[in-house]
Amino acid sequence: APDQIRGWMTFEQVSNRFNIPLEELYEKTGIPKDTPPGTPIRDMEGENFDTELVREVVAEKLGVH
């Protein structure tokens with residue numbers, strides 16, 4: 001479930017666990033495409049991005065509300 005996504009997880013882990021292409025995950029969350037896949041989500045947190053956004057994107061992709 002998307003609520004299991006944590007800030008320590010990498011974008012690659014989220015991509016693999018939820019079967020979402022990394023490129024799509026980056027695009028929908030607004031993360032630069034040149035971000036290394038092994039980057040923890042929390043390392044990108046800032047004004048326009050946080051772990052909750054990743055959860056929302058994954059939930060939308062999976063059709064979970």
Side-chain angles (χ1 to χ4, degrees):
D3 62 345
Q4 296 174 344
I5 295 172
R6 301 289 181 251
W8 56 262
M9 295 175 76
T10 67
F11 290 100
E12 184 173 45
Q13 288 172 317
V14 173
S15 173
N16 290 338
R17 180 174 287 183
F18 296 99
N19 198 29
I20 299 172
L22 194 57
E23 298 79 19
E24 183 177 348
L25 185 61
Y26 282 0
E27 181 181 324
K28 292 189 178 212
T29 57
I31 294 299
K33 294 181 185 210
D34 62 347
T35 302
T39 302
I41 294 169
R42 67 174 167 231
D43 287 2
M44 299 300 291
E45 289 190 348
E47 188 174 320
N48 296 317
F49 178 84
D50 63 14
T51 304
E52 186 59 32
L53 175 60
V54 177
R55 291 181 190 125
E56 291 170 7
V57 166
V58 170
E60 180 181 312
K61 176 73 175 173
L62 299 177
V64 178
H65 299 287

Original post:
Mind checking whether Ile5 and Thr51 have side chains closer than 4.5 Å, heavy atoms only?
Top reply: yes

**OP:** Give, for atom CD of Glu27 and atom CD1 of Ile20, the distance between the pair rounded to the nearest 0.5 Å.
**Re:** 12.5 Å

**OP:** Count the heavy atoms of every other residue, nucleotide or ligand shown that sit under 6.0 Å from CZ of Arg6, and state whether that count exceeds 12.
**Re:** yes

**OP:** Answer whether the closest heavy-atom distance between the side chains of Val57 and Val54 falls below 4.5 Å.
**Re:** no

Using distance only, find each side-chain donor-acceptor pair of residues 30-41 under 3.5 Å and give its atom names and separation, not counting sequence neighbours.
| from | atom 1 | to | atom 2 | distance (Å) |
| --- | --- | --- | --- | --- |
| Thr35 | OG1 | Pro32 | O | 2.8 |
| Thr39 | OG1 | Pro36 | O | 2.8 |

**OP:** For residues 5-30, pull every pair meeting ring pair (Phe, Tyr, Trp, His ring centres under 6.0 Å), keeping only residues two or more places apart or in separate chains.
**Re:** Phe11-Tyr26

Subject >> Smallest separation among heavy atoms of Gln4 and Met9, with atom names >> reply: O-SD, 3.8 Å

Original post:
Under 3.5 Å, is there a donor-acceptor pair between the side chain of Glu24 and the main chain of Pro21?
Top reply: no

Subject >> Residues, nucleotides or ligands: over 12 heavy atoms within 6.0 Å of Glu60 CD >> reply: no

Original post:
Measuring from Lys61:NZ to Asn19:CG, what's the distance to the nearest 0.5 Å?
Top reply: 8.5 Å

Original post:
How close do Leu62 and Pro2 get, heavy atom to heavy atom, and via which atoms?
Top reply: CD1-CG, 4.2 Å

**OP:** Determine, step by step, whether Glu45 and Arg42 satisfy the salt bridge (Lys or Arg N to Asp or Glu O under 4.0 Å) criterion, reporting the C-alpha distance in whole Å, the side-chain angles of both residues, the deciding distance to 0.1 Å, and the verdict.
**Re:** CA-CA 5 Å; Glu45 289 190 348; Arg42 67 174 167 231; over 6 Å; no

